[in-house]
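These notes concern the structure reproduced below.
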Amino acid sequence: MTDITEQVMAEYIPRRLSIAGCDLVMDVDLFKGTYRVLNFGSSKKMEDTELHEGSYEKQAAQVLRTQVVPRDQERVANLMDPEYILERLGREDSYWFHFSMFGEQQEILTKNMSISSIDLRLGRVCMARSDITDSVREQQAMLNVLALTFDLVSFIDIKSGGMTMFTRRTVQENLSPYYFVDYRSTVESIASFYMDREGETRVKEQFRLETMLLRLREEPAGYDFVAPYQTDGKVLYKQISVMWGDRNRKTVCLVRADVTDMLAQERRKKEELEAALALAEEASRAKSDFLSAMSHDIRTPLNAVIGMTELAFAHIGDRERVEDCLQTISLSSRHLLSLINNVLDMAKIERSSLVFNRMKIALPELVEQVSSIIALQAQNSGIRFSTDVNHIRHETIFGDPLRLNQILLNILGNAVKFTPKGGSVEFRMGELPASSAPGMARYRFVVQDTGIGMGAEFAEHIFEPFSRGGDSGRAEGGGLGLSITKGLIDLMGGEISVETREHMGSTFRVELEFEPADAGPGPEYGGDPEDSGQERALSGRRFLVAEDNAINAEILCELLQMQGALSVVRSDGAQALAAFQEAAVGTYDAILMDIQMPNMNGYEAARAIRSLDRKDAGNIPIIAMTANAFAEDVQAALAAGMTAHIAKPIDLGILLFELNRILR
């Protein structure tokens, strides 16, 4: 009997492993503690080295000490320990690991060591080492790109359970990756960085290899999750992307990226959206409250109009009683119109489409007119009212008297409305020192009352649309007065402020700048637009009226007749166009055109008239008279070729003023 063990082993090893790509192949006897080098690289011959066989323990210790980089020494020593090799190969046929070592020129090389079982009954294993430096460098280039976005990439070998981990630092500094022999045993340690009190179990479960494999079978394209990461006393948020690491699905790849800033930005956007939603809901509630209040405020004067009309019919023979009813109807209808005008003014202000007039204003006279109106209201309410005007150097200015009146009357009217009987309201006006703007004068208007005042919370929103205080009680108004006032003041470049305490009264201060008009030319504020000269100017005029509502047509014709004018009525735009075509040139002085009419609306009729081939088609005044009173309606009328726009219900003074201006 002949012992041929060594011969069999020498023949078996080449059959088990191709050594073409290896720079070191050893046959190791773990039981005897010896090794024998079978291949030492293609450039070297076995007889050139003295270390072709010997003690495995001594050779391993020397290589670790002199060739393996310090960071990898402990890990490589553990992986090449005889007891560990026997235990590991008892579970699996082979395993591998890579490490860094110094080359002949002290350069850093990356090696891959494969340890395979030959016959564990005899303690024989094969160790094959190959150089993967070039391959690693190629991976390094790819990882450098990944490192710009991700801070960690890990690969888990499903069969062996080992994990190779590349961090941003190892990639950017060209260091060897971290290697963990058993990923499952490190899950506890890895998950500890991500644990928080609420999600400790959930986070740990996410990192279990079995959980990831189950999810990847359901989602082969990969999935991700976000977990809080604790470091240096801070909490960052990391997104973990889990995917297959190779086509054969033998490895699992984990990619980690920091999403703290992204989540913070999303959180800010969410908070902004929530704040916007809260504001929208608050605005919606305010508008609902506004509609409820407007419903009451509109129905109150409307009820007076309907009721007094019934009473007038019931006492048709009692002239004095009928006159009282008509007076109440007139006042109620004007109040109703003022409520609607407030809403329309608010729409104009929000669109910044309000146009201010430029007229001469005598400030003492304007203050006197405003004060006389408020004094009467205060007297009827049992309130003391006083006015104080002093230090006025420029008494005449250029401005819009209607809007200035509106500002002052809104503030003074509120002061009277919310001051109980026996209280007082004071109106003061004065000119401030020279304005910073050259050629301008600055004035301050102060309204102080002893009324119910406002709480601090409501005072912050007092100039917002639809705002009404909780103590306003049964006071009428849509909550738009002060908002309109603020909008007008802003458009005029002024400032408004308020000091108030609940049950202690309020003080409003308004500062506005105007151009002095002591010697400048310009139209003067004052006079009656319905004076006798204007009435005579309409005498003998002839108007074509396009109006589909018989009552509106009757009212308009009667108003014109009162001024000595004649009118011809047509019920739609097509009939008005035909009437104009059939009449001789110069028959009509102007056309008063409704907009919403059947067959042909006012815009279409105006464009058709302007396009006619006759002498007066291009210059006859066409005046829109419609309930469409928004800024875009005015622009639409002018775009259709109309000359002017008058909103319904018709104000006789405005109608006569516009007609006389156009027909002058």
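Counting from 1, the numbers follow the sequence of the chain as shown.
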pair W244-I158: side-chain heavy atoms closer than 4.5 Å: yes
Tell me the closest heavy-atom pair linking L64 and A77, and the distance in Å. CD1-CB, 3.6 Å
What pair of heavy atoms forms the shortest contact from G455 to E502, and how long is it? CA-OE1, 4.0 Å
Strictly distance-based, threshold 3.5 Å: is any side-chain N or O of R168 a donor or acceptor partner for the main-chain N or O of F150? yes
Using a strict threshold of under 4.0 Å (side-chain N to carboxylate O), is an ion pair present between R267 and E271? no
Can you confirm whether more than 12 heavy atoms, excluding those of F180, are under 6.0 Å from its CZ atom? yes
Using a 3.5 Å distance criterion without hydrogens, assess whether the side chain of T500 forms a donor-acceptor pair with backbone atoms of M454. yes
Would you say that V226 contacts M262 through its side chain, given a criterion of any heavy-atom pair below 4.5 Å between the two side chains? no
First locate atom CD1 of I118, then atom SG of C126, and finally report the distance between them rounded to the nearest 0.5 Å. 5.0 Å
Between CD on residue E210 and CD on residue E205, distance to nearest 0.5 Å: 9.0 Å
Determine, for D157 against K250, whether the closest basic-nitrogen to carboxylate-oxygen distance falls under 4.0 angstrom. no
Does D23 reach the side chain of K111, with side-chain heavy atoms less than 4.5 Å apart? yes
How about CD on Q106, more than 12 heavy atoms from neighbouring residues, nucleotides or ligands closer than 6.0 Å, or not? yes
Would you please test F207 and F225 for ring-ring contact (aromatic ring centres under 6.0 Å, His included) and show each step? CA-CA 10 Å; F207 281 103; F225 62 91; 5.6 Å; yes
Show the numbers, then the answer: is there a side chain to side chain contact (heavy atoms under 4.5 Å, CB included) between E511 and L432? CA-CA 9 Å; E511 294 187 9; L432 298 176; 3.6 Å; yes
Any side-chain heavy-atom pair of R129 and N112 under 4.5 Å: no
Answer yes or no: is there a side-chain heavy-atom contact under 4.5 Å between F508 and L482? yes
Grab the two heavy atoms, one from V242 and one from L216, that are nearest each other, plus how far apart they are. O-CD2, 3.8 Å
Salt bridge between K269 and E266, side-chain N to carboxylate O under 4.0 Å? no
Less than 4.0 Å between a side-chain N and a carboxylate O, is that true for R256 and D151? yes
Roughly how far, to the nearest 0.5 Å, is NZ of K238 from CG of L263? 11.5 Å
For the backbone of E74 and the side chain of N78, can you confirm whether one donor and one acceptor N or O come within less than 3.5 Å of each other? yes
Check: T133 side chain, T110 main-chain N or O, donor-acceptor pair, under 3.5 Å: yes
Can you establish whether the number of heavy atoms outside R91 located under 6.0 Å from its atom CZ is more than 12? yes
Compare all side-chain heavy atoms of K234 with those of T260 and state whether any distance is below 4.5 angstrom. no
Is the charged tip of R121 near the ring of F31: under 6.0 Å from the six-membered ring centre and within 45° of its axis? no
Which atom pair, heavy atoms only, marks the closest approach of Y95 to L79? OH-O, 2.6 Å
Distance-only, no hydrogens or angles: does the Q239 side chain make a donor-acceptor pair with backbone N or O of A257 under 3.5 Å? no
So do V76 and F97 actually touch side chain to side chain, heavy atoms under 4.5 Å? yes
What's the verdict on side chain to side chain contact (heavy atoms under 4.5 Å, CB included) for Y229 and V235, showing C-alpha distance, side-chain angles and the deciding distance? CA-CA 6 Å; Y229 181 81; V235 176; over 6 Å; no
Flag yes if more than 12 heavy atoms outside R501 fall under 6.0 Å of its CZ atom; otherwise flag no. no
Roughly how far, to the nearest 0.5 Å, is OG of S185 from CE of M163? 9.5 Å
Give a yes or no answer on whether the side chain of Y223 reaches the backbone of E218 with a donor-acceptor pair at less than 3.5 Å. no
What distance separates M26 CE from I115 CD1, expressed to the nearest 0.5 Å? 8.5 Å
Any sub-3.5 Å donor-acceptor pair from T251's side-chain atoms to F155's backbone N or O? no
Give a yes or no answer on whether the side chain of E57 reaches the backbone of S55 with a donor-acceptor pair at less than 3.5 Å. no
Side-chain donor or acceptor of E53 paired with backbone N/O of T34 under 3.5 Å: no
Could you tell me whether R509 and E495 have a side-chain N and a carboxylate O separated by less than 4.0 Å? no
Passes side chain to side chain contact (heavy atoms under 4.5 Å, CB included), R88 versus V181? Steps please. CA-CA 10 Å; R88 181 76 177 269; V181 175; 3.5 Å; yes
Checking side chain to side chain contact (heavy atoms under 4.5 Å, CB included) for the pair V28/I85: CA distance, chi angles, key distance, verdict? CA-CA 11 Å; V28 179; I85 293 173; over 6 Å; no
If you round to the nearest 0.5 Å, how far is CG of D72 from CD of Q67? 13.5 Å
State, with a plain yes or no, whether a side-chain heavy atom of F99 is found less than 4.5 Å away from one of V69. no
Residue pair S506 / G453: nearest heavy atoms and the distance that separates them: OG-CA, 3.6 Å
Identify the two heavy atoms, one from M212 and one from Q206, that lie closest to each other, and give their separation to 0.1 Å. CG-O, 3.6 Å
Would the number of heavy atoms belonging to other residues, nucleotides or ligands and lying under 6.0 Å from CE of M504 be above 12? no
Check the angle between the aromatic planes of W96 and H98 and answer parallel, tilted or perpendicular using the 30° and 60° thresholds. parallel
